[in-house]
> 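One structure coming up, written as structure tokens, with questions to follow.
Letters A, B, ... mirror the listed sequences (proteins, then strands); counts begin at 1. Just so you know, these numbers come straight off a predicted model, no measurement behind them.
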Protein chains: 2
Amino acid sequence: MMSIGAFSKISNVTTKTLRYYDEIGLLKPVYVNINNNYRYYDVSQLKTVLLISKLKLYGFSLEEIAAVIQTPCDNGALLMLIKQKRQSIFQQIKHFEHVLSRLNEEIKNLERGIHLMSYLDEINVQLIETQPKNILSIRKRINVADYGLHIRALFSDIEKANLTPVGAPMSIFHDEAYDPENYDIEIAVPVKENTGQTRTLSGNLCAMVTLKGPYNNLPSVYARLQEWVEANGYQITSPFYEIYLTDPGQTPPEENITEVYLPVAKR
Amino acid sequence: MMSIGAFSKISNVTTKTLRYYDEIGLLKPVYVNINNNYRYYDVSQLKTVLLISKLKLYGFSLEEIAAVIQTPCDNGALLMLIKQKRQSIFQQIKHFEHVLSRLNEEIKNLERGIHLMSYLDEINVQLIETQPKNILSIRKRINVADYGLHIRALFSDIEKANLTPVGAPMSIFHDEAYDPENYDIEIAVPVKENTGQTRTLSGNLCAMVTLKGPYNNLPSVYARLQEWVEANGYQITSPFYEIYLTDPGQTPPEENITEVYLPVAKR
DNA sequence: ACTTGACTTTCCCCCTACCGGAAGGCGTAT
DNA sequence: ATACGCCTTCCGGTAGGGGGAAAGTCAAGT
């Protein structure tokens with residue numbers, strides 16, 4: 001039996017940590033002097049502390065370790081846990097490798113004097129004059145997860161009304177900010193005919209960006225558009241919209257093509 | 001300008017986080033209503049928040065990010081920082097790969113029904129009768145980092161006294177527990193002659209383990225010895241000692257061979 | 001004008017796995 | 001006796017927020 005300091009030295013675990021393990025009930029000293037509360041450990045506890053260190057290395061939380069120690073014979077559950085840890089370690093390696101490759105690109109760029117956020121500058125803003133379009137649209141607050149439902153409903157409306165679609169579907173955003181769960185959105189499809197059900201989306205001067213890639217790059221696109229509008233002395237005149245040139249249901253995210261239109265005028 | 005909730009949605013950063021960034025001065029809202037303290041953000045701040053998210057992904061602390069943001073033009077310092085991060089990510093990948101390979105071995109073992117700590121059972125304990133040895137030794141409290149110094153001093157003593165070394169150097173441990181910085185240790189070398197300077201290390205029944213590998217595996221060896229002694233009904237009779245069959249200065253850690261002797265008797 | 005529901009504020013505690021240090025008691029070698 | 005080292009508990013802190021309460025605010029619908 002030895003004092004906490006001695007046990008700390010042979011186990012390579014600090015006294016602070018041993019006291020903490022005592023406190024949370026993970027590893028109680030084998031004997032505690034009632035007079036002075038000195039903790040005393042036994043060499044046999046070395047095995048436990050080695051197990052704790054090993055499981056910690058494997059990414060177990062102390063809570064999980066406690067569970068393992070308290071049920072020492074349940075190899076099945078332990079095996080499951082360890083396989084989970086392997087999976088999570090594997091994920092982390094993948095993640096870090098991805099980060100590493102991006103860091104390497106970043107370093108290459110920086111060495112050429114290209115700043116971190118300069119990829120925004122490479123998002124190409126075009127100033128174009130759009131033509132008026134006839135559109136059939138439904139406007140409501142939706143959860144964007146249900147976008148597919150609404151667009152299918154819209155296409156079935158088009159069929160019923162015997163209209164002819166002449167362009168890719170689009171969304172017109174009537175809220176200032178993006179709220180994926182409750183969003184005032186106008187889902188529209190350009191059609192050839194001009195009936196009582198359709199409306200005209202007026203032609204306009206627009207700052208436009210073509211995004212090739214997943215939708216989660218859209219914040220970058222909007223950051224860039226905002227920057228461009230300010231830098232070039234424009235202001236936003238009406239709700240912006242996106243046109244989806246590819247069907248996200250049929251296209252891998254990396255191949256998606258989206259056009260973002262921001263109606264503007266000179267300040 | 002938009003509320004914190006709106007900005008949170010377009011930037012994919014929770015309101016909690018945005019408030020925290022405000023609190024630590026990392027990203028202050030562009031305007032705060034004096035009456036109700038509502039925070040308002042501008043689209044132009046999207047760029048900053050994208051930068052923050054990017055640097056966070058790269059492993060920067062918020063403090064480092066704040067430094068980067070406050071000195072936006074110092075590319076040299078940024079490059080250094082990023083290279084550091086790359087290095088640290090690289091280290092982490094190495095580390096995780098090591099853990100992963102050990103986890104895989106562990107899983108293989110568990111599937112064969114071999115328990116996590118069973119490697120201890122494979123540490124082979126032998127019960128042997130040692131022969132008495134003449135040794136020349138110095139006993140004192142030392143820092144084990146200076147072990148080399150003391151062993152050289154001992155060898156020079158041997159030379160001066162015209163003695164003949166007949167075995168590998170050894171340490172006899174008079175403290176119960178290992179304290180690397182202040183350790184009551186007897187450094188000894190077996191010698192042929194028996195003079196007034198030498199003493200006899202008596203022959204004894206010993207539990208002995210041969211360790212092949214780095215010294216940091218010694219805790220496992222002692223755990224195993226302790227276990228063995230208890231399981232087989234022995235008790236420890238006198239200070240234990242180690243014999244260093246290889247010179248750690250000349251041998252890579254993985255190749256080191258150490259014998260650990262624990263003098264025992266039947267209980 | 002009133003209600004309702006969504007949004008915002010501050011405030012406080014919680015998380016992990018400990019580390020640092022202070023104040024005070026205990027042990028032992030000189 | 002005294003000094004030094006070890007032990008105890010207690011308090012506070014870490015990084016990056018999360019959870020939730022209590023209270024104020026806003027906009028829309030009735």
Side-chain angles (χ1 to χ4, degrees), chain A residues 1-29 31-41 49 52-53 55-67 88 140-141 143 174-184, chain B residues 1-29 31-41 49 52-53 55-67 88 140-141 143 174-177 179 181-184:
Chain A
M1 235 165 43
M2 55 192 132
S3 71
I4 194 171
F7 191 61
S8 156
K9 301 261 171 56
I10 66 163
S11 63
N12 283 324
V13 172
T14 67
T15 60
K16 283 282 184 188
T17 303
L18 288 172
R19 286 194 198 99
Y20 180 63
Y21 289 174
D22 181 9
E23 186 190 332
I24 65 170
L26 178 58
L27 180 66
K28 295 260 178 214
Y31 164 69
V32 176
N33 184 315
I34 346 168
N35 300 320
N36 55 18
N37 282 338
Y38 276 31
R39 294 170 177 84
Y40 291 94
Y41 293 85
V49 93
I52 292 173
S53 300
L55 292 178
K56 250 192 351 169
L57 178 69
Y58 293 166
F60 283 60
S61 72
L62 296 189
E63 200 178 343
E64 290 167 323
I65 295 175
S88 106
K140 55 163 73 167
R141 300 204 150 266
N143 183 328
H174 295 278
D175 275 343
E176 190 178 4
Y178 176 65
D179 178 351
E181 277 158 29
N182 179 26
Y183 203 2
D184 181 2
Chain B
M1 236 165 42
M2 54 191 133
S3 71
I4 193 169
F7 191 61
S8 156
K9 301 260 172 55
I10 65 163
S11 63
N12 284 323
V13 172
T14 67
T15 59
K16 282 280 185 189
T17 302
L18 288 172
R19 287 194 197 98
Y20 181 63
Y21 289 174
D22 181 9
E23 186 190 332
I24 64 170
L26 178 58
L27 180 67
K28 295 258 176 214
Y31 164 68
V32 177
N33 184 314
I34 346 169
N35 300 319
N36 56 17
N37 282 338
Y38 275 33
R39 295 170 178 83
Y40 291 94
Y41 293 85
V49 93
I52 292 173
S53 301
L55 292 178
K56 247 192 353 167
L57 179 68
Y58 292 167
F60 283 58
S61 72
L62 297 188
E63 200 179 343
E64 291 168 322
I65 295 176
S88 105
K140 53 163 76 168
R141 299 203 152 268
N143 183 326
H174 295 277
D175 275 343
E176 190 178 2
D179 177 351
E181 277 157 28
N182 179 27
Y183 204 1
D184 181 2

> Please round to the nearest 0.5 Å and tell me the distance separating atom CG of B/Asn33 and atom OH of B/Tyr38.
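The OH atom of B/Tyr38 is 9.0 Å from CG of B/Asn33, to the nearest 0.5 Å.
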> So, OP1 or OP2 of C/dT16: does either fall under 4.0 Å of a side-chain N or O from A/Lys56?
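No, A/Lys56 has no side-chain N/O under 4.0 Å of OP1/OP2 on C/dT16.
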> Round to a whole Å and report the spacing from CG of A/Asp22 to C1' of D/dC7.
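These atoms are roughly 13 Å apart.
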> What is the distance from CD1 of A/Ile52 to C1' of C/dA17, rounded to the nearest Å?
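Atom-to-atom, A/Ile52 to C/dA17, this comes out as 13 Å.
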> Roughly how many Å is it from OH in B/Tyr31 to P in C/dT8, rounded to a whole number?
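Nearest whole value for this atom pair: 15 Å.
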> Please report, rounded to the nearest Å, how far the P atom of D/dA22 is from the CG atom of B/Asn37.
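Going from B/Asn37 (CG) to D/dA22 (P), I get 21 Å.
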> State the NZ-OH distance between B/Lys28 and B/Tyr41, to the nearest 0.5 angstrom.
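Separation between the atoms: 9.0 Å.
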> Return the 5'-most residue of the pair A/Tyr38, B/Tyr38 with respect to DNA chain C, ranking by each residue's nearest nucleotide.
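Closer to the 5' end of DNA chain C: B/Tyr38.
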> Counting any heavy atom closer than 4.0 Å, what does A/Ser3 reach on the DNA or RNA strands: base, sugar-phosphate only, or nothing?
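If one applies the 4.0 Å heavy-atom cut-off, A/Ser3 turns out to touch the sugar-phosphate alone, with no base involved.
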> Reading DNA chain D from 5' onward, which residue's closest nucleotide shows up sooner: B/Glu63 or B/Tyr40?
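Nearest-nucleotide comparison on DNA chain D picks B/Glu63.
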> DNA chain C: B/Thr15 or A/Asn36, which has the more 5' nearest nucleotide?
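Nearer the 5' end of the strand: B/Thr15.
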> Looking at every heavy atom in both A/Val49 and A/Ser11, which two are closest together, and how far apart are they?
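Shortest heavy-atom contact: CG1-CB, 3.5 Å.
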> Does B/Thr17 reach the main-chain N or O of B/Val13 with its side chain, forming a donor-acceptor pair under 3.5 Å?
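Not at all, since once roles are kept as given, no pair shorter than 3.5 Å links the two residues.
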> Reckon B/Arg19 touches a base, only the sugar-phosphate, or nothing at all at heavy-atom distances under 4.0 Å?
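Answer is base: heavy atoms of B/Arg19 come under 4.0 Å of a base.
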> Using 0.5 Å steps for rounding, measure from the OH atom of B/Tyr21 to the CD1 atom of B/Ile65.
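B/Tyr21 atom OH to B/Ile65 atom CD1 measures 6.5 Å (nearest 0.5 Å).
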> Rounded to whole Å, please give me the gap between OH in A/Tyr20 and P in D/dC7.
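Going from A/Tyr20 (OH) to D/dC7 (P), I get 21 Å.
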> Does a nitrogen or oxygen in the side chain of B/Arg39 sit under 4.0 Å from OP1 or OP2 of C/dT8?
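For C/dT8, OP1/OP2 do not have a side-chain N/O of B/Arg39 under 4.0 Å.
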> From the list C/dC19, C/dT8, C/dC18, which nucleotide is the closest neighbour of the side chain of A/Thr14?
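The closest nucleotide is C/dC19.
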> Quick one: on DNA chain D, does B/Tyr21 or B/Asn35 contact a more 5' nucleotide (nearest heavy atom)?
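Nearest-nucleotide comparison on DNA chain D picks B/Tyr21.
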> Applying a 4.0 Å non-hydrogen cut-off, can you work out what A/Ile24 is touching in the nucleic acid: base, sugar-phosphate, or nothing?
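Contact class for A/Ile24: none.
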> Send over the distance from A/Glu64 CD to C/dT16 C1', rounded to a whole Å.
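Value for this atom pair: 12 Å.
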> Return yes if the base of D/dG20 and the side-chain atoms of B/Lys16 contain a donor-acceptor N/O pair under 3.5 Å, otherwise no.
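Such a pair is found, so the answer is yes.
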> Whole Å only: how far is the CG atom of B/Leu27 from the C1' atom of D/dG17?
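Rounded to whole Å, this separation is 15 Å.
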> Take atom CE of A/Met1 and atom P of D/dC7, then tell me their distance rounded to the nearest Å.
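For the pair A/Met1 CE and D/dC7 P, the rounded distance is 14 Å.
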